Each structure stands twice: as structure tokens, then as C-alpha cells.
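For reference, the structure discussed in these notes is given below.
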Amino acid sequence: MSIVRPFSASDLFRFNNINLDIWTETYGIAFYFTYLSRWPDLCAVQEDPNGRLMGYVIGKAEGQGLEWHGHVTALTVAPEYRRLGLARKMMDFLELVSDDIYKAFFVDLYVRCANNIAIEMYERMGYSVYRRVKEYYGTLGVGKGGRDEEDAFDMRKPLSRDKDKRSIRENGRDFIVNAQSVS
Amino acid sequence: MSAAALDRQIRPIYDALDTGSNKSAIVACNKLLKKYPKNDLIKALKALALVRSQKVEESLVLCDEVLESKPTNDGVLTAMMHVLRGLGRQKDMVAMFEDAFKQQPNNEELGTQTFFANVRATNWKAAQQIATKMHKQFQESRYLYWTVICVILQAKEPGTSSDMRSLLFRLAHRLLESSATPSYLSSERFCLHLTVLRELGMYEEAEKLLDGEIGKIICSASLVCNQIRRDIWKLQGRALDEGKLAESKILEKNRNWLEFLVVLDATFSYFTLENDPTDEDRTDCLDAVKKAEKLFSEVAEEDGFRDRSGHLALLELENRARKYAVSCDSNRLLALMQQYFGNFGDKACCYEDLKPYVALSGEEFEKWSVFLASVPTTFTTTEELRRLINALKLTRYTLSTSDITIEAESERAALYTKYYLAGLKLGLNLPSSELQPADDLAILTGNSYVLLWKISNNEIYLFRAISLLEFALIKSPQSFQSRLILIRLYRLLGAPSMALEHYRALRIKQIQHDTLSHLVLTRASTFSLSSTGDLTLASECLEATQIYLSNSQETGDYIVRAFTTEKYSQIPEFIYFEEQLENSLQRDMVKIEHLRMRLTHELISSDIIDMELIELKFIFDRTHHDNRDFQILPDYQPQGVETLNDQTLLFQKSSGNGWLATFLRLYIRILQQASDLDDAVEEKLLIGDRPKQNADPEKQLPLKDRLLIRHEVELAELTADELLLVDFAHALADWLESFHNYTRPPPHVVLAEAARQTELKTGHPLKGVEIPPADGFSNGNGKKNEEPPPIREPPELVVKYFSTMKSRLSEALDELSIAELLHLATLAQEAFLIFTIETLRFKPASVVKVNKLGSLVANFKNIKADALALLKEASAILLEISERFDVSGSRKAFMDACSQLTEIEEIGYEFVSSIGKKMYDSRKKVLEGVGKGITKLSTTYSA
């Protein structure tokens, strides 16, 4: 069980149980406030009935013409609340808002090519690889997984407005672009 | 020269400023100013470069020149905006823009800037007036909404009376009604509209908006609007309607727990607080319970293991039914709990989920305990392991006090350890970045050892705890929960460098400094080695403070941006956030700790005294927010005993507002006596805005009276030895107050000296300070007409302080822990420094002679001799103990304490021994450092 409610500025004081985990980055005030001051309706938290934060999603809407889409910037769940389907609930929410309010053509997100668990999870939610972005996570350097560690897959899921499913393609893994060419 | 040519010459100045080369910007400005001595833009840019190179006085002169010319040019205004912000002069910024807008009332951009300047200064009333004016003039609907939100923000200010409040909300409502376009065109405007209606209780009007087609659509996708809608329905008493709506949403597969809570609330809405339930109410409720049960059961069945909502809703329903005595089956709650454990026992959160329901008694409790005990202890899958962990946690939570004995708890610790080691096998192949599934068993063991330490008061349990948790970190390097406990334990053990090592490994960043730096910075001066020149902890204080700087520099920009993007829902939240961080309790507790460290490191002089005094007085007017996160410590203690957080607080004292207020009073009082800055002088010399008036009546008393306030509740946050220090300091100040006031040079002398210094530095006279002609007293040492106050004997609290501390030290030596010993020694050192500050003014022989204070000063000698004797002994004791840790005997004590762990093959003797060594090395370092530092300070201030 979890409560889905808007991400509030004061949640920054309370997200330690999520952000102390190494996979979640803590950014400066400017990062969170940039999102909250432009796309507050694409940011949400989940909390348990005692008020403890369980996870959150931060997103935005961007792109020109047919590229107009919702983007998942951060999606994270505290270690003790994983495997409960919380990520899916938050993605459902972000897709709903992107579709209903922003009238976007699709939703997209980036994921490390080596992160098979996450890729499979997104595939189950209806996402598919649209392209591979070279050295997207370059700052971390090449780790054990080689190129797959620093390259990202741009995964997309079409929304109702994209009737012809033009925002996705079959063999997205073969399309390779530079990190500089994506926003 | 043409304007274009000038532009070309100014460009490099902007570039230099952008890249932070303030020096070259100043050089370029000077060059250009020779050609164009009257150019405001160049002056403003130079002022900016000066502010950014900390040359405040020089910048002030230019700044005031530009302001006098009442600029309207965009470039000048923007540069000045940054200058004034840097100087903390928001009020002047507002005035500058207002002047400019008055001169060019058709300039929309100027209007917007003036509005924002008021927003930054939180002048909601002025901002409202400008927005109104702009709406009339430029006919943009957004300005109307700006007016509305400013009216609301005025209403919400703490100083606004309730009459004024409703008046303002009615005004907001009228404004909204006057809008040419309906609010539902944007969800944010719609939300603002609903907020006003909710506040005014105009539910029917809200209903019209909400029940309309567009209203429904907005609420279905906007969480904020839906939240307000929910509130309004609740306030309106539409619990049943709300319940029906929620039910339909649940049927449409919405699994937001809020919807389930609404159904639950609706189910029991037949019972109100005011009336005793009638039979009819009871029957209605019973029906509703049955209906809800059907709904939740269907959801639970449909979702299976994929979602917990339906299952937990059934539990909550039964729990509430019991409370209202409408439960039909007394066995149902237990059955549901067992079922829930069966379904979700393999999820980590099962423990938290079931915790609210385990307050069972008698036979039910027995059955539940038997059920938990029957959970198999097998370690073949991680699911089984998690079940076992949940069963252990739930069992531990309901332990009765009779179960908590040293024997029983020792057995439990051994059992948790055994299971932990067995569970580790399940994570053998995990990469080091993953958490071990068995981690919680190590944390349970840690909790158990801490409890053993509390009931036995024997350090050996802490030795075991750190050995095991350090081992757990080898196996699971990312387990921040193990680290959090270790940080606390190392501080308790007097091994602060180990605590800091683990704290740094947490990689605390940004806002986390505010919420988590308490872990190592609370009472950090106890462990500070600043006196010996080691500034590790002092710089940790400064680093933790960076976030407050970014808050004051950045957050305001986003408040302004939220106006531009019309995200009205965010504006009050951003403002609150800024305020909460600006007035953070932790911020100022760190400030006090840093001051205490600074005084041991830098030579005490009038510069430090004046600067710190001004800063502390600012802080003293704040109403603090406690943003510290204590929930983060993984607490698995039985419900009847203290939480892990309380158990592991240094010196068993939780310090907060009371502690801070007490130390602020102490230091402001001492520094104020020692300083030559009285209020009149300070008023003249301070630049920038003064803090807003605080509405708290206690904060409106004269400062002199506020410093003498003593609240028992506040003093309860202090340790016994801190209290002794406070009493000593106030007694000392009481004694010397009249002599300070008599000896302190009069304000005009202080100002004349300040003016002289400024002129030497900048070549300009100090603004706003008029120096009266010399009158023969102006050298400060001039003879006075009045007699000095009668000399009194020093009060007993002062005379006896150092000898009391000395006997405390020798008597309690064997009973004190290392940390407590350091606490005592550093406080004695602090008392000596306070004495030094208080007597600094009376050091020059000429001052003593002129003011006829010879017999007063004679009293200082004995006090100082006592202080030095105590410090000498304290230092000797610390050094002696530190040497003990070289002897193998004390190290053996650690190994003996951990014998159970060294016998475990996976952990081994070597590992435990290395942990013991690190801990003793850390202890030795701090004891030695503090000991030597005390000697150093004694020598520095002995004369």
C-alpha cells in the first residue's frame, strides 16, 4: 500500500532513506526546484501510511512537433520497498499525466545498457529501445561491463496521441547516437 | 565615442565577471572610468566586482553613487540587483526598482522586475499593489493571478490577525470573480481558485467547479487539485460521496492507498465524536463494513501478490471494526495477520506493515507468538530468509520487559549472529554494490548489543557491536544502515575519527548536510582538535554550512520563476522551504560548535569578539525549525524500551532548541560584555537589512532581559557539566557587568576609530557617521568624572568552579567513559576561555590604572591559578590514559570482550583485532590531541 501524492519542496528534508542508497543521486536545490517550478504535475512521491517516503519520480515534458514527449528524469524506490510494484505505479502516473495533460506522443527514459533487470522491467511496462546513446554515463568511466556500463538505451512507449506508433521502432538497439546529440 | 564603441569596451568586463575574474574586471572598469567618470553602468559593474572580491566598504561608496542617480537603464539595474543582493540590501533593491518604474510606468519589464524585487523581500502587500497596477495597465490575466496569490500570502503571514485574514481571502475571491477568463483554463489557476473557496468555506461554489466536466478532468490527472477536492468534500461532510467516488476509482484499478483510506473513513463515518452511536448507526455501519469487506476481498483476490493494498485494507478494516465494537468475528484479526504474513512475509516492508496491529494480548498474543516461532529457519532462498527476518523483528517488537534480561538478550544476540552468518551464504555471488539479503540480521544483532549495553552499562557490548557491524560492512559495503549505527557507537566509545570515517563514506551531499550532519557535529567540540591546529571537525562544520548559502542564493530565484511559470501551488511551498532551511536549528547548532572550536584555535581578540557577537545576535532572533532526521536510524528495539536513536545519543541527552537558546544566551552575553560595540555603534556600522521582526513575545523583550531568561525545560537538554559551565559563565558576567560598562569607551570614540580605519582602507570617510569634535575624552582612556563601581568579591560559583571540576575529575575518573572524560575536560577548557574573554578588557595596565580597577584585577589572579591547576591535571590525565592504549592489556580487554566473535571462522581473530586497534588508535589520538591542546591554551593565556 502506498500513498501517491505530489512531490513537495519539503520532501527534500525527508528523503534520506531513499537517497542514502548508492544508486540514487542527491542533487543541489536548483535541480529539484527547476523541475518543481516547471513540471510539478510530473513529480510525485509515494509514502507509507506512517508518512515515511518510499520512492519518488521526477519528470518533465519537452521536444518539438512529433518529438513532444514526457521524460522520466529520476525514478527511485528505497531498498526496503523494492519488489512491490511501486516503480510501475509511478510510471503509470507519469504516463497518465503525459497523455492527459501534456498530450505528449510518447514517454521516454534512459537506462544503463548493462542494467538488464531494469530494461526487462521497462519492457514489461511496454517500453522498447529506440536508440543507443554512446557514453551517456561517461563520467563513471568504463567499468566491468565495458561499453554497456557507460552507454544508455533511450527507451520509449507510445501514448494515445501517437496512433501510428511512430515514436518507436523494431531495431532500436542498432541506432547509435552521441550523448551530445540528445538533451 | 559612439555608444557601440562603448558597448564593445564594456563587453570584456561582463566576460571577466562571468568567469569569476573579479580582479581583471576591476582593472578594466578603472580604465574606462577615467574616460567616462559619470557612467553608471561601469560604476555598477565595478561595485559588483568589488562585492564579489569581499571589498564591501569600497563597493558601498560606488553603490550609493549609482543609487542616487536613480537609474532606469536595464543593464545598470541588473548589475545593481546583484550588487545589492550581495550586500544583503533587499530594501534598497526594492526602492531602486520602484523609482525606475515610477519614471517609466509603461515599461512592463520594469514593472515585472519591481514586482519580483518585492517578492524576494517577501513584501506581499507591496507586490500585490504592483501586480494590481500592472493588471490594469497591461491587461494580462496572469497579473490578476499574481495579485491573488500575493493576497493569499499576506493572509498566511504569521502576524496577520484572523479578521484581516478572512478579509484578505474575500478580496482574493472578488478578484478571481472579476477575471475575464475562467480559472479552469489552467490546472494551477484552478487550484488557486479552489484554495480560496476552501478557505472561505464556499463549498457550494467549489462543488459547481468540481462537478463540472472540466473540473473532473483536471482532478483526475492533477494530484494537487485532487487533494484540495478531497479536503473540500471532507469539510463539506461528504464522506459517503467521497467513499463512493473512491470505490469507483478502486474498481478502475486505482491503487492509491488514499482511496482505500477514504473508503475506510466513509465506512466508519456513522460514528461521530459528538454523539453516542444509536442502534441504527451501528446497523448502518455493519452493512458498510460488510460492503467494504467485499470490495477489499475482491481487490485482494484480483491483485494476488502483486499489490498489498487490498490485503492491508482488510486488516485495517478489521482493526477499526474492533475499535468501534462492530467486529463479528473475534478470531478474524489474527487470521488476517497470519494470512498477510503468509502472502507478504517475504517482503522487507512486512514488518512495518504489521507493526500497527501487533498490540495483541492474552490468548491472541500467545497464538501470534507461536505462529511467528513456527516460521522455518531455513536458508535456501532469499524469500525464506526475509520471512525469518520479519518473524524475528516482529517477535522482538513485542518482547515484554521480563523478557529483557542480560541472559535472554545475550542468547538473542547470539542467535541473530548465527542466522546472519547462515544467511550470508545466499548473497555470495552478489556484486559489492548490492545489499546483502542478510544485512538486517546484523542490524538486529547491533540493536541487541546496544540494548545489552544499556541494561548492563558494560562497554564490552559496544565492542562486540562495532566488530560485528564492521564485519557486516565488509560483506555489504553499501549498507548505510550499519554505518549509521557505527557512527553513533564510535562517538559513544570516544573514537571520533572512526565515526567521521564512516560518516564520510555515506557521501552526504547538499540538503543532507542539514538533515544528517547532526550525526557527527552534535557537541562536536568535545572531540575537536582545533586547539592543536587540526581543523578536521571545524572544516566539517563549514562544509555542512554551504547548503545555507546556496539556499539564500538560489531558492529566491525559483520562487520568482514559479511566478513566471504560474505554478501557484509551488510558491507557498518554496517559500516555506526557504524559510525552514534559512532558520534551521541544525545550522545554528553547528554555528555554536564552530564558535567553540574557533575560540580554541584563533587568538582571542576584539575582532573575533565583535564579528561573532553580531552573527549570534542575528541568530538569536530566529524561530528555528528542526529538520534533523533521526528516523533514519534502523530501530528494531522492543516497543517498551527507548528507541535506538535515544539509546545512542551522546551523553544520553537529546539537544535541540533549549540547548541552542542556552548557549546563544551565554555567548552573546559574554561577547557583548567584552565588546566595544554597543547597539548604537552596531546600528551605524552594520550594512544590509535587519532581520524581520519576530512575532514571538519573548523575542520582543529587550536583549538584556532576554539574555537572563532561564527555562527549566531548556536547561534539561544540557548535561550536568554543561549546566555547571552555564552557571559559571553567568555568575562571572553578573560580577563583571558593571565594570565592563564603566570601562567600555563611549560610542562616539568607537565610531571615530571605525571611521579612521575605513578611511585608511578605502580613502573615503565612513558614511552616515558624524564624528563630534574632540572633547578631551576621545582617546578612550580619558579620565572619567564618575567613580568606578564598588569592587565586590567574586561570587562563589566563579571561585569554586575550577576546584569543583577538579574534584569531579579525580573522583569520577574510574566511572567515566572516554567520551565523558573528554566532555569534562573540554568544558573546563571552555570555562577558562570564557574567563579569558571576560577579563580581556582589563588586561592593559593603563586601563586598570585609569579606571582604578586594581583591586578588581587582583581577584583574577587566584581564579586563574585554580583554572590553570585544573587544566594541568586534566591534560595529564588525558595523556596518561591515552598511553594506556599502547599497553597490550587494554587491547586484550577488547579481544576478550569479543571472544564469541573471534571464534567464528568467517570473522576471525585477525579481523576483530584490527577493529580493536583502529578504535584504540582513534581514542589515543583524540585524548592526546585534546590533552596537548589544553596545555597549549593554558600557556597562551597564562600571562
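Computed from a predicted model, the values in this text were never measured in an experiment. In the text below, chain A, chain B and the rest are named by the order of the sequence lines, each starting its count at 1.
Per-residue counts of heavy-atom pairs under 4.5 Å with chain A were compared for B/Ser433, B/Ser187, B/Gly310; the largest is that of B/Ser433. For the set A/Ala78, A/Gly28, A/Ala44, the count of heavy-atom pairs under 4.5 angstrom toward chain B peaks at A/Gly28. Chosen from A/Ile22, A/Asp92, A/Val97, the residue pairing most often with chain B at heavy-atom distances under 4.5 Å is A/Ile22. Contact tally against chain A (heavy-atom pairs below 4.5 Å) for B/Phe574, B/Phe305, B/Phe260: the top residue is B/Phe574.
Atoms CG and CD, from B/Asn256 and A/Gln46 in turn, are 8.0 Å apart once rounded to the nearest 0.5 Å. Distance check: A/Ser2 OG to B/Arg308 CZ gives 7.0 Å after rounding to the nearest 0.5 Å. Here CZ of A/Arg88 is found 8.5 Å from CZ of B/Arg306. Values are rounded to the nearest 0.5 Å. In this structure, A/Thr34 OG1 and B/Glu554 CD are separated by 9.0 Å, a value rounded to the nearest 0.5 Å. With rounding to the nearest 0.5 angstrom, the CD atom of B/Glu578 is 8.5 Å from the CZ atom of A/Phe33. How far OG of B/Ser569 is from CG of A/Asp41: 8.5 Å, rounded to the nearest 0.5 Å.
Remark: A/Lys134 NZ is loosely packed, at most 12 non-hydrogen atoms of other residues, nucleotides or ligands lying under 6.0 Å away. Residue A/Phe31 places its CZ atom among more than 12 non-hydrogen atoms of other residues, nucleotides or ligands, all under 6.0 Å distant. Shown here is B/Leu549, whose CG atom has more than 12 heavy atoms of other residues, nucleotides or ligands within 6.0 Å. Applying the 6.0 Å contact sphere to CZ of B/Arg387 captures more than 12 heavy atoms from other residues, nucleotides or ligands.
Side chains of A/Thr26 and B/Gln510: no donor on one and acceptor on the other come within 3.5 Å.
Heavy atoms of B/Asp557 lying under 4.5 Å from chain A are absent altogether. Only the side chain of A/Phe15 comes within less than 4.5 Å of a heavy atom of chain B; its backbone N, CA, C and O stay farther away. Only the side chain of B/Asp514 has a heavy atom closer than 4.5 Å to any heavy atom of chain A. For B/Glu579, no part lies near chain A; criterion is any non-hydrogen pair under 4.5 Å. With a 4.5 Å cut-off on non-hydrogen atoms, B/Glu573 touches chain A through its backbone and its side chain both. For chain B, the nearby parts of A/Leu12 are the backbone and the side chain; heavy atoms of each come within less than 4.5 Å. In this structure, chain A has a heavy atom under 4.5 Å from the side chain of B/Arg507, while its backbone stays farther away. The contact between A/Asn19 and chain B is made by backbone and side chain atoms together, counting heavy-atom distances below 4.5 Å. For a residue to count as touching a neighbouring chain, one of its non-hydrogen atoms must lie under 4.5 Å from one of that chain's; by this rule A/Arg52 touches chain B with the side chain only.
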* Asked: For A/Leu20 and B/Ile508, what are the C-alpha separation, side-chain angles and deciding distance, and is it a side chain to side chain contact (heavy atoms under 4.5 Å, CB included)?
  -> CA-CA 8 Å; A/Leu20 281 176; B/Ile508 298 294; 4.1 Å; yes
* To do: Kindly indicate, with the supporting measurements, whether the criterion side chain to side chain contact (heavy atoms under 4.5 Å, CB included) is fulfilled by A/Asp48 and B/Cys349.
  => CA-CA 10 Å; A/Asp48 82 356; B/Cys349 59; over 6 Å; no
* Mind running side chain to side chain contact (heavy atoms under 4.5 Å, CB included) on A/Glu25 and B/Lys509 for me, showing each step along the way? => CA-CA 9 Å; A/Glu25 180 66 27; B/Lys509 279 185 206 150; 2.6 Å; yes
* To do: Could you please spell out the steps behind the side chain to side chain contact (heavy atoms under 4.5 Å, CB included) verdict for A/Phe13 and B/Gln512?
  => CA-CA 7 Å; A/Phe13 293 117; B/Gln512 291 176 320; over 6 Å; no
* Asked: Is there a side chain to side chain donor-acceptor pair (under 3.5 Å) between A/Asn16 and B/Thr515 once you walk through the steps?
  -> CA-CA 8 Å; A/Asn16 287 321; B/Thr515 51; 3.1 Å; yes
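Residues A/Pro6 and B/Gln227 are in side-chain contact: their nearest non-hydrogen atoms beyond the backbone lie under 4.5 Å apart. Annotation: side chain of A/Asn17 is not in contact with side chain of B/Gln631 (no heavy-atom distance under 4.5 Å). Residues B/Glu188 and A/Pro40 are in side-chain contact: their nearest non-hydrogen atoms beyond the backbone lie under 4.5 Å apart. Looking at B/Leu435 and A/Pro79, their side chains come closer than 4.5 Å, going by heavy atoms from C-beta outward. Contact check for A/Asp100 versus B/Ile217: no side-chain heavy atoms found under the 4.5 Å cut-off. Inter-residue side-chain proximity for B/Leu223 and A/Arg5 is flagged as unmet; no heavy-atom pair is nearer than 4.5 Å. Within the 4.5 Å cutoff, the side chain of A/Leu84 has no heavy atoms near those of the B/Asp307 side chain. The shortest distance between side-chain heavy atoms of B/Tyr558 and A/Leu36 does not fall below 4.5 Å.
The nearest pair of heavy atoms linking A/Ala9 to B/Phe577 is O-CD1, 3.5 Å. Closest of all the heavy-atom pairs between A/Val4 and B/Leu258 is O-CD1, 3.9 Å. Taking every heavy atom of both residues into account, A/Ile29 and B/Thr555 meet most closely at CG2-OG1, 3.9 Å. Nearest heavy atom pair, residue A/Ser37 against residue B/Thr565, reads O-OG1, 2.6 Å. Residues B/Gln580 and A/Ser10 share a closest heavy-atom pair of OE1-OG, 3.3 Å.
Proximity of a side-chain donor or acceptor of B/Lys567 to a complementary backbone N or O of A/Trp39 within less than 3.5 Å is not detected. Side-chain atoms of B/Lys347 come within 3.5 Å of backbone atoms of A/Arg83 as a donor-acceptor pair (strictly under, hydrogens ignored).
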